2 protein chains.
Amino acid sequence: MIASVSHSRNQSSERKRPGSVSIRDVAQRAGVSIATVSRAVNRIPTVDPELARRVWKAIDEVGYLPNTQARALVSGRSHLLGLIVSEITNPFFPELVQEFENLATAQGYEVLIGSTNYDSARTESLMRRLLQRNVDGVAVMTFGVEEDLVKKLVEREFPLVFVDAGPGLPNIHVLKVDYAEGIRQGVQHLAALGHRKIAFISGPLEQRSPRVRREAFLRAMTEIGIHVPAEHLVEGTHTMEGGIAAMERLLERGDLPTAVMCSNDMTAIGALHAIYRTPLKVPQDISVVGFDDIHLAQFMLPPLTTVQMSCKSLAAAAIEALRAGIEPDHPKAKQKEWPISTQIVVRQSTAFPPGSLPARMNKEPARPTKPRA
Amino acid sequence: MIASVSHSRNQSSERKRPGSVSIRDVAQRAGVSIATVSRAVNRIPTVDPELARRVWKAIDEVGYLPNTQARALVSGRSHLLGLIVSEITNPFFPELVQEFENLATAQGYEVLIGSTNYDSARTESLMRRLLQRNVDGVAVMTFGVEEDLVKKLVEREFPLVFVDAGPGLPNIHVLKVDYAEGIRQGVQHLAALGHRKIAFISGPLEQRSPRVRREAFLRAMTEIGIHVPAEHLVEGTHTMEGGIAAMERLLERGDLPTAVMCSNDMTAIGALHAIYRTPLKVPQDISVVGFDDIHLAQFMLPPLTTVQMSCKSLAAAAIEALRAGIEPDHPKAKQKEWPISTQIVVRQSTAFPPGSLPARMNKEPARPTKPRA
DNA sequence: GCGATTGCGGTAAGCGTTTGCTTCTTCGGT
DNA sequence: ACCGAAGAAGCAAACGCTTACCGCAATCGC
């Protein structure tokens with residue numbers, strides 16, 4: 001049972017929201033000073049076990065919850081982490097958010113999420129709000145930060161993690177995604193199947209990460225000695241709509257590719273959709289490869305072959321990097337670059353190109369073949 | 001240019017993170033008291049315009065950002081809103097989050113997001129953390145709150161919004177989704193096409209909202225005089241995996257339905273996937289209807305007919321309800337129930353049942369007339 | 001047995017704001 | 001010319017907590 005709680009200075013029990021119980025209420029009830037309560041709560045070993053028991057009992061009885069704001073104010077650490085993503089509605093990011101949040105929570109942090117929607121004004125205001133909230137650090141996982149914004153932020157000394165930021169930025173943690181590896185695997189997978197005409201739908205090229213992905217593709221193609229004509233390189237927006245539009249452009253042009261690699265899965269899903277509207281079929285007539293390996297990819301029709309970038313490792317590295325920057329004696333405090341690997345996941349949206357020799361191995365689903373309207 | 005800032009009490013410029021400039025620094029630089037700075041910042045009209053100008057200049061020069069934590073501590077309002085969702089990786093929720101966040105930000109609030117993953121222990125810990133962070137209010141948009149948790153929360157007097165919570169809970173805002181309307185439209189759409197054997201894949205039935213949806217379906221069917229046999233009612237999990245499993249059960253059973261309504265879009269996508277693995281085709285052999293109208297729905301193959309529940313209005317109502325609870329003189333402070341409407345969106349996953357009279361409209365070659373089943 | 005040491009708990013000074021109250025200035029009214 | 005009112009800025013308390021510091025009592029050494 002909860003006795004009436006009140007004292008001279010803090011009439012919280014009368015004036016404010018009930019449920020807003022302060023450390024004073026606990027102290028009074030346990031018959032100790034607030035300092036002792038604080039020490040008990042923080043499990044400081046110098047407090048007498050008997051007293052600690054009394055304090056915990058009182059805490060339980062009055063339903064005390066330490067006020068994080070006050071704590072943050074005095075300790076200087078808010079245990080808040082900022083997470084900035086490009087677009088929360090792109091399914092890749094919720095998966096990332098989820099992982100990030102789980103990890104953060106496990107370490108006693110809360111997460112403030114913001115999505116920039118590729119709007120730099122929005123990003124800036126978001127960043128300002130995060131700073132006002134005194135976040136302990138920010139992970140900027142947008143795959144498309146404007147370089148000048150980065151510079152601006154770096155000026156404040158502040159734990160900051162970027163993905164794919166350029167090199168040479170001091171004092172910043174960078175998640176270095178090894179696009180080359182996964183994309184090379186994708187290209188080689190297609191080449192091994194016999195494809196020679198492989199198109200690429202990129203993301204928005206004013207952003208760094210899409211550029212890097214495209215270059216990785218071109219390099220991988222060059223490695224196997226295939227020239228990519230300009231009309232097989234189209235720009236998308238990393239959205240389904242962009243994928244549809246880009247694929248349509250590809251379909252209109254004369255020299256139809258037999259395979260299309262996409263800069264992310266949403267683009268690939270858009271491409272599938274655009275192809276679905278034509279008489280062509282995936283993978284018999286045209287193969288499609290995505291990038292990201294979002295959960296949805298395996299449920300596409302057909303299930304999407306894609307390059308996996310593990311958001312689990314992305315999130316883990318981000319958290320680790322932030323903690324290294326925040327917590328004074330973190331083991332990896334010196335590390336500034338965190339490698340993230342990528343790899344191909346073969347599903348059913350890729351097959352031999354049409355008219356190639358071993359066409360029977362095109363794994364047609366067991367169903368009556370009809371041209372789709 | 002930024003002159004050296006320092007004073008007796010707060011050596012922040014030396015001790016702490018640079019960039020952590022306090023109101024004192026501004027006051028000193030502008031040659032006024034901190035009270036005046038505070039008033040200028042908060043645009044209190046009693047401050048002399050000339051002084052205000054000086055203050056703003058100083059703010060700009062030293063790069064001052066008011067500390068939200070301190071503000072919250074004294075004002076009692078954190079301008080933080082909690083948003084609890086079931087599962088951030090279900091695409092419906094990011095869309096909701098996005099809307100919610102936009103609206104909240106526009107009103108000067110920040111959002112702390114948490115996903116419960118249908119785990120009540122997790123929910124409870126989440127709620128506790130939100131309370132410790134002193135959020136001004138919480139929107140619980142999980143479509144599956146355990147009733148006892150609700151009761152527990154209600155005890156603390158606290159701005160709280162639920163979706164589909166039971167009636168008779170005093171002092172709580174409820175978003176009342178009118179499932180009946182949209183689902184009836186869906187059923188009637190199918191019936192108008194000629195379907196009589198309509199199955200329903202529900203969500204997890206231990207949750208309230210899935211139960212309500214299922215009942216709405218059954219009532220709509222009863223209204224048009226069709227009995228739904230038990231084997232046409234299967235339980236899913238509101239995930240793609242659940243949709244696949246449920247659809248497979250439906251396909252195994254003897255009496256194949258000609259149409260399937262699903263409790264949400266992810267379930268429907270799973271169902272499409274399961275059907276894809278058979279010789280059957282959507283919509284020629286079987287029609288599928290979803291619920292939610294997530295963005296992805298229109299990009300499915302074929303584009304999904306679904307019942308739209310606007311997450312825009314859901315978010316708007318939630319914010320409005322919370323503000324009504326938080327802000328003392330909000331116009332709608334009395335309103336406790338907020339209606340949300342639903343409606344059918346017809347796309348291409350629904351068509352006439354196989355063998356029905358106007359088969360030529362099924363986008364297939366015309367067939368000889370057959371008696372209806 | 002007495003002074004020094006140790007162990008614990010309380011007191012109070014902040015953390016960065018807001019805001020009630022006080023003080024100072026200025027101006028109008030008589 | 002004097003008094004009072006009004007307006008504007010400053011002082012200081014408070015928000016809920018942590019922690020440096022201090023004081024008290026008990027213990028130890030000799």
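Convention: sequence-line order gives letters A, B, ...; per-chain numbering from 1. Just so it is clear, the structure is predicted and the values come from calculations on it, not from any experiment.
Checked for salt-bridge contact, A:Glu61 and A:Lys57 meet the test: a charged N lies under 4.0 Å from a carboxylate O.
Among the nucleotides C:dT19, C:dT18, D:dC17, the one closest to the side chain of B:Asn42 is C:dT18. For B:Ser38, the listed nucleotide lying nearest its side chain is C:dT19; candidates were D:dG16, D:dT19, C:dT19. Residue B:Asp48 places its side chain closer to D:dA8 than to any other of C:dG10, C:dG20, D:dA8. Nearest to the side chain of A:Ile34, among C:dA12, C:dG16, D:dG10, sits C:dA12. Taking the side chain of A:Arg24 as heavy atoms from C-beta on, and the options D:dC17, C:dG10, D:dC11, the nearest nucleotide is D:dC17. Checking D:dG10, C:dT17, D:dG16 against the side-chain heavy atoms of A:Ser22 singles out D:dG16 as nearest.
As rounded to whole Å, 8 Å separates atom C1' of C:dG9 from atom CG of A:Leu51. Taking atom CD1 on A:Ile23 and atom C1' on C:dT11, their separation rounds to 14 Å, with Å as the unit. The CD-C1' distance, from B:Gln69 to C:dG16, rounds to 10 Å in whole Å. Rounded to whole Å, atom P of C:dG14 lies 14 Å from atom CG of A:Leu73. As rounded to whole Å, 9 Å separates atom P of C:dG16 from atom CG of A:Asn134. Taking atom CD1 of B:Ile44 as the reference point, atom C1' of C:dG20 lies 12 Å away to the nearest angstrom. The nearest whole Å value for the distance from the CD1 atom in A:Ile59 to the C1' atom in D:dG16 is 14 Å. In this structure, A:Gln28 atom CD and D:dC17 atom C1' are separated by 17 Å, rounded to whole Å.
Under the side chain to side chain contact (heavy atoms under 4.5 Å, CB included) rule, B:Phe100 has a single partner from B:Val85, B:Ile113, B:Leu314, B:Val111, which is B:Val111. No option in B:Leu51, B:Val47, B:Asn42, B:Val32 other than B:Val32 meets the side chain to side chain contact (heavy atoms under 4.5 Å, CB included) test with B:Val37.
Taking for each of B:Ala70 and B:Thr36 the nucleotide of DNA chain C with the nearest heavy atom, the 5'-most of the two is the partner of B:Ala70. Two residues, B:Val74 and B:Val47, neighbour DNA chain D, and the one matched to the more 5' nucleotide by heavy-atom proximity is B:Val47.
At the phosphate of D:dC15, neither OP1 nor OP2 sits under 4.0 Å from any side-chain N or O atom of A:Asn67. OP1 or OP2 of D:dT18 lies within a sub-4.0 Å distance of a side-chain N or O belonging to A:Arg71.
The closest side-chain donor-acceptor pair between B:Tyr109 and B:Arg77 falls under 3.5 angstrom. Checking B:Thr36 against B:Ser33 by side-chain atom types alone, a donor-acceptor pair falls below 3.5 Å. Between the side chains of B:His79 and B:Gln107, no donor N or O sits under 3.5 Å from an acceptor N or O.
Looking at residues two or more places apart in sequence or on another chain, you find a side-chain contact (heavy atoms from CB on, under 4.5 Å) between B:Ile34 and B:Ile23, B:Arg24, B:Ala27.
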Seminar exercise, completed: Dot-bracket assigned to DNA chain C with the 3.5 Å Watson-Crick/G-U criterion, [ ] for crossing and | for other-strand pairs, is ||||||||||||||||||||||||||||||
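Within a 6.0 Å sphere centred on CZ of A:Arg53, heavy atoms belonging to other residues, nucleotides or ligands number 12 at most.
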